[in-house]
There are 2 protein chains.
Amino acid sequence: MRPSIKQVALEAGVSIATVSRLLNQPDSVSVDTASKVNQAIEALGFRPNFTGRNLRAGRSHTVGVVVPTLSNTVFAQCLQGIETAARQRDYSVMFSATEYRQQDEAAAVELLLAHRVDGVILTVADAEASTTLDVLDRERIPYVLVYNQPQQSTRPSVSVDNHAAAYDAVTHLIKLGHRRIQMLAGQFHASDRALQRYHGYLQAMQQHGLPPLAPIEVARHTYTSLALEYLQTFRDPLQRPSALFCSNDLLALSVMRDLRALGLRVPDDVSVMGFDGIPLGELMDPMLSSVEQPSEQIGGLALRTLVTAIEETQDGYQAASSHILPHTVRIGASVKPFTNPL
Amino acid sequence: MRPSIKQVALEAGVSIATVSRLLNQPDSVSVDTASKVNQAIEALGFRPNFTGRNLRAGRSHTVGVVVPTLSNTVFAQCLQGIETAARQRDYSVMFSATEYRQQDEAAAVELLLAHRVDGVILTVADAEASTTLDVLDRERIPYVLVYNQPQQSTRPSVSVDNHAAAYDAVTHLIKLGHRRIQMLAGQFHASDRALQRYHGYLQAMQQHGLPPLAPIEVARHTYTSLALEYLQTFRDPLQRPSALFCSNDLLALSVMRDLRALGLRVPDDVSVMGFDGIPLGELMDPMLSSVEQPSEQIGGLALRTLVTAIEETQDGYQAASSHILPHTVRIGASVKPFTNPL
DNA sequence: GTGAAAGCGCTAACAT
DNA sequence: ATGTTAGCGCTTTCAC
């Protein structure tokens with residue numbers, strides 16, 4: 001068995017309380033007992049057991065994180081931001097993924113709650129109608145959404161303004177002369193952000209008097225391939241959109257690959273705009289145009305917001321606050337002004 | 001305060017032992033008491049507290065993961081693989097990053113040990129000379145290295161054969177007629193894999209009677225830029241290498257961007273070979289040639305290996321086993337046969 | 001089949 | 001400045 005403060009106390013010839021004090025308020029122990037105890041700690045290779053501490057304190061100094069998948073760079077960056085900020089504040093991070101499955105959100109949160117995490121940072125399929133968030137609300141566990149941006153409810157979140165960001169991106173395409181602009185997205189039901197971005201697309205189109213096209217909804221949110229028969233319709237320059245607006249960068253890069261395979265050139269035949277601004281997009285040739293959101297900062301801010309809520313939740317339960325971070329439309333060579341294909 | 005088995009017992013009119021039994025061996029409880037207790041659990045919204053359970057059991061059903069950074073896709077994929085496998089086995093995952101700083105490895109592991117994780121999966125700077133691993137060995141905490149591939153020591157690991165993989169990649173370049181092949185890597189002292197890959201490069205060169213070139217060691221392991229003055233030397237077709245072998249894909253993609261900025265074409269002027277085989281490399285144009293390693297499987301296998309070691313560590317401490325997974329050299333258009341620049 | 005009680009490691013009154 | 005003790009939530013003998 002690993003040594004506990006008990007063996008340390010025995011070894012040092014003091015009481016367990018003294019050992020505990022040395023660990024928590026070193027100043028409240030006399031110098032020579034301190035050295036005795038430290039010596040015993042050293043000799044036994046003692047390491048405090050947080051399980052005991054946490055049980056006693058009713059707090060774990062641990063936050064839970066639940067996102068769809070780390071295969072999407074954007075969530076990996078966000079988790080990285082969370083972890084860095086957590087480490088600075090002596091919090092640990094417990095991580096779980098859902099693979100975009102709504103039922104797995106609930107299971108993941110249940111497990112985190114059983115571990116008694118002090119709070120949760122998460123991205124859910126639909127922030128408005130989420131039984132998982134209902135549980136968190138009911139249990140009064142502080143949480144912060146990332147990427148989700150609830151409209152109706154007042155659930156705490158850190159995100160960009162998805163609607164405005166999409167609006168800006170599409171407006172940029174329109175300003176370049178594009179009229180047939182189509183959106184490509186993963187399943188809307190698994191991503192409320194994608195839907196909000198679609199609404200931004202719609203508003204931009206309508207505001208400029210352009211008829212919106214039906215969105216292309218593909219099965220996966222990450223690496224994907226357009227159905228070949230669908231892609232075939234892109235052969236006709238009059239039928240295909242002159243610009244594609246994709247709900248994330250992985251889809252944008254995937255469709256660019258598909259278009260190339262079809263013999264079409266980006267941006268000459270089709271302009272492509274992504275969303276997320278993943279770092280690798282900048283290394284592409286042509287450089288991917290995309291709406292940049294600061295994923296690592298989103299994670300960092302979410303963690304700080306969460307910790308604030310946790311530590312203010314002494315007596316009354318304090319919900320975390322919401323933050324909208326600025327986005328920027330990154331212009332790369334994957335987009336160019338519209339030219340008549342005829 | 002959240003309800004404990006105590007309130008459940010009170011509510012159901014049974015002892016806490018009965019509640020505990022229902023939770024752990026439901027069959028050992030009579031049907032009608034079971035229903036009474038279940039009703040109480042429902043009514044109170046009881047959720048078992050793992051902290052208490054873990055303290056008592058001396059086990060946490062949690063594994064720790066320590067990698068350099070999630071900004072490198074390869075580690076994100078690996079963590080994703082770990083998490084998926086862990087979830088299947090009802091293990092939770094605590095995650096920490098080191099940003100390639102060796103002192104942070106120790107701190108991260110210390111924190112995990114304080115949380116009494118049952119085992120650790122990690123990538124360290126140098127698996128042979130790692131005080132962090134010494135701690136784990138001394139404390140008899142099961143662990144599995146990922147990506148690290150210790151040569152001398154018998155430390156358990158899951159990786160590809162870095163030396164052989166690099167050898168294969170460079171041999172491929174040589175077979176294409178390249179003679180001036182240079183390696184580009186992050187700081188070797190922060191990545192023993194990079195060094196092993198360099199040795200593979202050396203062997204391939206020497207075995208084919210080619211003079212190896214001094215490796216280019218850049219400061220960062222991820223998104224980077226070659227020093228401009230250095231890159232300038234690439235202007236001279238006779239001075240520059242005809243092929244670059246990069247220690248990872250992020251460096252490969254970064255240098256491709258740099259070369260483009262310089263007006264050089266890949267692969268016409270310089271062929272580029274990466275290492276890792278990140279999914280995004282396949283979406284590039286030209287498609288990135290790279291040594292593919294199965295990152296998600298590495299993570300999954302590491303987790304399974306670790307859990308096996310954990311659960312066999314009942315009495316005697318059982319170290320985990322090592323595994324070498326197969327690599328494949330992915331050939332993309334970033335590499336082409338050597339042509340005389342004159 | 002069920003209950004009583006000890007104890008995992010720790011902290012925080014409370015006492016001295 | 002230090003010791004004594006109760007108890008956080010849970011599992012597990014040991015009785016009955």
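Side chains included, hydrogens not; waters and symmetry mates left out as well; all remaining heavy atoms used. Since the structure is predicted, the reported quantities are computational estimates derived from the model, not experimental observations. The chains referred to below are lettered A, B, ... by the order of the sequence lines, with proteins before strands, and numbering in each begins at 1.
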Checklist entry - Which atom pair, heavy atoms only, marks the closest approach of A/P68 to A/A97? => result O-CB, 3.6 Å

Next on the checklist: For DNA chain D, which residues of residues 24-47 of chain B approach it to below 4.0 angstrom with any heavy atom?
Outcome noted: B/N24, B/F46

Checklist entry - Can you list the residues that meet the side-chain hydrogen bond (donor to acceptor under 3.5 Å, both in side chains) rule with A/N72, with sequence neighbours excluded? => result none

Item to check | Counterpart residues, ring pair (Phe, Tyr, Trp, His ring centres under 6.0 Å), relative to A/F95 (two or more places apart) | outcome: none

Using a 3.5 Å cut-off and no angle test, enumerate the donor-acceptor pairs between side-chain atoms of residues 39-48 of chain A and protein atoms at least two apart in sequence or in another chain.
{"unit_1": "A/R47", "atom_1": "NH1", "unit_2": "B/E110", "atom_2": "OE1", "d": "2.3"}
{"unit_1": "A/R47", "atom_1": "NH1", "unit_2": "B/E110", "atom_2": "OE2", "d": "2.8"}
{"unit_1": "A/R47", "atom_1": "NH2", "unit_2": "B/E139", "atom_2": "OE2", "d": "2.8"}

Checklist entry - Where does the chain B footprint on DNA chain D start and end, counting 5' to 3' with a 4.0 Å heavy-atom cut-off? => result D/dC8 to D/dT13

Item to check | Pairwise side-chain contact, A/H115 with B/S92, heavy-atom cut-off 4.5 Å (strictly under) | outcome: yes

Next on the checklist: With no hydrogens and no angle check, just 3.5 Å: does a side-chain donor-acceptor pair link A/T308 and A/T305?
Outcome noted: no

Checklist entry - Quick one: which of A/I121, A/L70, A/V146 gives a side-chain contact (heavy atoms from CB on, under 4.5 Å) with A/L79? => result A/L70

Next on the checklist: The test is side chain to side chain donor-acceptor pair (under 3.5 Å); show your working for A/Q293 and A/Q77 and say whether it passes.
Outcome noted: CA-CA 11 Å; A/Q293 49 181 341; A/Q77 290 287 135; over 6 Å; no

Item to check | Segment of DNA chain C, first to last nucleotide, that comes within the 4.0 Å heavy-atom reach of chain B | outcome: C/dG1 to C/dG9

Checklist entry - What pairs with B/H61 under ring pair (Phe, Tyr, Trp, His ring centres under 6.0 Å), at least two apart in sequence or on another chain? => result B/Y91

Next on the checklist: If I take atom OG1 from residue B/T51 and atom CZ from residue A/R53, how far apart are they, to the nearest 0.5 angstrom?
Outcome noted: 13.5 Å

Next on the checklist: Test: salt bridge (Lys or Arg N to Asp or Glu O under 4.0 Å). Region: residues 67-87 of chain B. Which pairs qualify, not counting sequence neighbours?
Outcome noted: A/D104-B/R87, B/E83-B/R87

Next on the checklist: So that I can tick it off, tell me whether B/D134 and B/R155 are bridged by a salt bridge, with the cut-off set at under 4.0 angstrom between side-chain N and carboxylate O.
Outcome noted: yes

Item to check | Axis deviation across the helix from C/dG1-D/dC16 to C/dT16-D/dA1, five-pair ends, to the nearest 10° | outcome: 40°

Item to check | All ring pair (Phe, Tyr, Trp, His ring centres under 6.0 Å) counterparts of A/Y147, not counting sequence neighbours | outcome: A/F75

Item to check | Donor-acceptor pair between B/D118 and B/S60 side chains, under 3.5 angstrom | outcome: yes

Checklist entry - Okay, side chain of A/R193, backbone of A/Q149: is any donor-acceptor separation there less than 3.5 Å? => result no

Next on the checklist: Give the residues of residues 4-19 of chain B touching DNA chain C, defined as any heavy atom closer than 4.0 Å, sorted by residue number.
Outcome noted: B/V14, B/S15, B/A17, B/T18

Checklist entry - Between residues 107-115 of chain A and DNA chain C, which residues have a heavy-atom gap below 4.0 Å? => result none

Checklist outcome for this item: On a heavy-atom basis, the closest approach of B/L303 and B/I82 is CG-O, 3.7 Å

Checklist entry - Taking the side chain from B/T84 and the backbone from B/G81, do they hold a donor-acceptor pair closer than 3.5 Å? => result no

